[in-house]
There are 2 protein chains.
Amino acid sequence: MTETSPPASSGQTRAPNIRDVAREAGVSYQTVSRVINGSPSIRDATRQKVLEAIDELGYRPNQAARALVTSRSRVIGVLLSDARSYGPSSTLQSIEEAARAKGYFVSTATIGLPDLPSIRSALDHLIRQNVDGLVVIAPQTRVFDVIQQLSPELPLVTLEASGRLDGHTIAIDQEQGARLATRHLIELGHTEIEHLAGPQDWIEAQTRMDGFLAEIRDNDLGTRPPILGDWTADFGYYAGTQMLGRLDFTAVFAANDQMALGLVHAFRDAGLDVPGDVSVVGFDDVPGARHFWPPLTTIRQRYELLGARCVDMLLGEIEGDEQRYHERIGAELVVRGSTAAPPPHDPERAFRRFG
Amino acid sequence: MTETSPPASSGQTRAPNIRDVAREAGVSYQTVSRVINGSPSIRDATRQKVLEAIDELGYRPNQAARALVTSRSRVIGVLLSDARSYGPSSTLQSIEEAARAKGYFVSTATIGLPDLPSIRSALDHLIRQNVDGLVVIAPQTRVFDVIQQLSPELPLVTLEASGRLDGHTIAIDQEQGARLATRHLIELGHTEIEHLAGPQDWIEAQTRMDGFLAEIRDNDLGTRPPILGDWTADFGYYAGTQMLGRLDFTAVFAANDQMALGLVHAFRDAGLDVPGDVSVVGFDDVPGARHFWPPLTTIRQRYELLGARCVDMLLGEIEGDEQRYHERIGAELVVRGSTAAPPPHDPERAFRRFG
DNA sequence: CCACTGGATGTGACCGTACACATCCGGCCG
DNA sequence: CGGCCGGATGTGTACGGTCACATCCAGTGG
């Protein structure tokens with residue numbers, strides 16, 4: 001070995017660590033650590049020196065080292081059943097923004113198929129990462145069974161109202177929203193109202209249906225069994241074509257905007273006028289809903305609020321807040337062009353042929 | 001100290017580590033490490049013992065410790081400008097699925113406002129987390145300047161076609177898609193075609209516009225300046241009302257489905273028939289586009305493919321693959337009800353009043 | 001004047017893993 | 001039969017922080 005010069009900073013120079021900063025600032029590494037973590041007992045002059053050294057060296061605390069010793073990763077896991085739809089993706093974004101503001105990272109996992117192995121795999125992936133807490137936007141009921149089994153201690157916030165769970169829960173008030181939609185139709189004079197519900201392993205689909213049924217009952221109208229759909233516009237269209245066979249209703253409350261869209265499409269294809277012949281209400285207020293034809297009456301949800309509250313709650317739980325509570329965010333009715341008073345009574349209506 | 005009994009497993013028992021597994025299996029911790037990392041020189045019998053011990057204790061390797069010593073976090077950062085729209089959120093989901101399949105985690109950061117501080121803050125957040133690589137779905141051109149400045153070495157895949165960048169790039173072929181849309185209109189017999197473009201700090205908006213202009217030029221049609229929009233349906237509606245003043249066109253190619261939706265709304269409000277009087281093409285094929293009225297002719301993108309390829313490419317780069325290359329995924333024309341042959345020539349048309 | 005107090009700072013140990021290197025052992029060849 | 005080789009396994013060390021505890025020092029009251 002003929003090399004005599006000190007190890008030249010050739011190419012890949014190691015990132016500065018806390019001791020480099022300490023040396024630069026002329027203090028001990030512990031003092032640097034205190035500055036980083038905002039300890040109160042540091043003299044201003046010292047803090048200043050350290051901050052300058054940090055800036056000088058471009059120092060960034062190593063998250064891995066930190067996580068190793070504190071056994072806190074500062075990562076929040078978000079379990080999604082579908083990241084593409086408007087609701088979940090809006091919520092995810094607002095969670096991410098809120099978490100970042102608090103210095104937390106957000107890691108996502110999507111459940112592909114709604115079967116047990118997929119749920120387990122997604123959840124396992126998050127747990128492997130040592131997430132500090134979990135937000136569940138995958139409102140299939142069985143998800144919670146898997147969580148209970150796989151990691152019952154993990155701080156958890158679920159975004160759907162479910163009475164079955166004792167964890168923290170926050171939700172847009174789906175039931176109230178569904179009641180608003182239904183009441184709107186009733187107030188317009190409708191008495192024969194159908195409900196096109198979402199898949200029943202989704203808690204929010206259940207809750208919207210519950211709200212619908214409750215409002216119907218409260219107004220002493222006859223109940224009719226809801227149609228169970230799958231959230232897609234394609235299903236809405238299909239359901240619409242089927243419903244034309246027995247035209248014994250004057251309004252439909254669809255559990256989301258997509259299904260409402262397909263429904264309207266089917267009705268129009270059959271020569272029915274919306275809202276002249278049939279009124280339709282959706283749920284979500286997706287962007288563009290006001291430009292549908294006709295502009296869709298629907299229920300608007302406040303996703304920004306949802307994410308922020310949700311993170312607050314989860315961080316509270318992570319930091320050992322033991323109280324369990326539920327919280328609800330109100331939904332709002334947006335009246336547009338797809339609803340109107342029912343057509344004048346026509347006893348033949350149900351027997352006429354459309355299409 | 002009067003305590004003589006061994007530390008009882010009272011309440012919060014520490015998670016098992018690699019040495020616990022080693023003890024259980026009767027081997028050294030290094031052997032356990034080898035099994036975990038799939039080293040070839042392990043006897044099957046030994047491997048079996050270790051795997052059983054892992055299973056027995058419910059052992060999970062500690063990511064933080066691993067990241068600390070390898071200086072690899074196994075986290076991929078995704079920088080999004082907007083997680084709510086259909087395109088980005090679909091891409092995000094497919095990236096997440098592909099990454100998970102390879103054992104990587106995905107952490108997201110959304111850029112709030114498109115100003116420099118916001119971009120910097122989002123990027124900084126990801127870098128703090130020691131992400132191994134970065135996927136950028138925020139196609140504003142200025143984002144790349146910030147990346148260059150903040151962390152020029154970070155493996156990077158960008159999802160938009162930009163000639164300015166020497167990093168790996170993958171993209172749905174926006175230009176080809178735009179050409180498909182434009183050619184479709186030309187083949188139907190249209191010669192007076194408008195383009196409602198996206199905001200020009202989005203690379204994909206630029207590329208779609210380039211494709212449109214190129215196709216117009218190739219067919220020796222007269223160019224007209226595109227209208228610059230902001231992606232929203234509201235803007236589409238507004239643009240539509242403006243365009244009605246000078247009805248000197250028979251078709252519009254909108255840079256996304258949302259704007260197309262608003263456009264159609266405005267035309268219909270004014271008493272124009274789509275496609276009878278004006279043809280409209282969108283871009284994206286959002287869910288529901290086939291149930292718009294009229295069902296929207298548009299360009300479909302293959303997001304699933306995009307995410308998978310993107311992760312492949314990024315992991316290649318992370319593992320030291322130096323070749324820089326671009327890749328394109330073809331887009332596809334979906335013909336529905338919003339396009340038709342132009343109306344018979346009518347010299348008065350531009351002067352008639354609609355609305 | 002000295003022990004005491006409490007704020008500011010420094011020292012040692014440890015978190016759980018992977019890497020480099022050392023060791024062990026059986027079989028093979030000269 | 002001994003040395004050598006290579007596959008299988010074990011041992012020391014470093015990664016970059018934080019925590020518990022030790023130390024130092026100035027101000028204070030008895």
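Atom set for the values below is all heavy atoms of this structure, side chains included, hydrogens, waters and symmetry mates excluded. Model, not experiment: these values are computed from the prediction. So you know, we letter chains A, B, ... as the sequences are listed, proteins then strands, and number each from 1.
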Item to check | Spacing of B:Ile95 atom CD1 and A:Thr110 atom OG1 [to the nearest 0.5 Å] | outcome: 11.0 Å

Item to check | Backbone N/O of A:Ser33 and side chain of A:Asn37: donor-acceptor pair under 3.5 Å | outcome: yes

Item to check | Protein-nucleotide distance (A:Lys49, atom NZ; C:dA8, atom P), rounded to Å | outcome: 14 Å

Checklist entry - If you measure from CZ on A:Arg60 to CG on B:Asn130, what distance do you get to the nearest 0.5 Å? => result 9.0 Å

Next on the checklist: Angle between the end axes of the helix from C:dC1-D:dG30 to C:dG30-D:dC1, five pairs per end, to the nearest 10 degrees?
Outcome noted: 60°

Item to check | Nearest heavy-atom neighbours spanning A:Ser94 and A:Tyr303 | outcome: OG-O, 3.0 Å

Checklist entry - Just by distance, with hydrogens left out, do B:Ser28 and B:Thr31 show a side-chain donor and acceptor under 3.5 Å apart? => result yes

Checklist entry - Checking B:His125 side chain against B:Thr108 main chain: does a donor-acceptor pair fall under 3.5 Å? => result no

Checklist entry - Pick one: which of B:Val146, B:Leu123, B:Leu80, B:Val143 meets side chain to side chain contact (heavy atoms under 4.5 Å, CB included) with B:Ile111? => result B:Val143

Checklist entry - If you measure from CG on A:Leu315 to CD1 on A:Ile318, what distance do you get to the nearest 0.5 Å? => result 5.0 Å

Item to check | Spacing between B:Ile54 atom CD1 and C:dT17 atom P, to the nearest angstrom | outcome: 10 Å

Checklist outcome for this item: Reading nucleotides 7-19 of chain D from 5' to 3' and marking B where a protein heavy atom lies under 4.0 Å of the base, S where only the sugar-phosphate is that close, and - otherwise, the string is -SBBBB--BBBBB

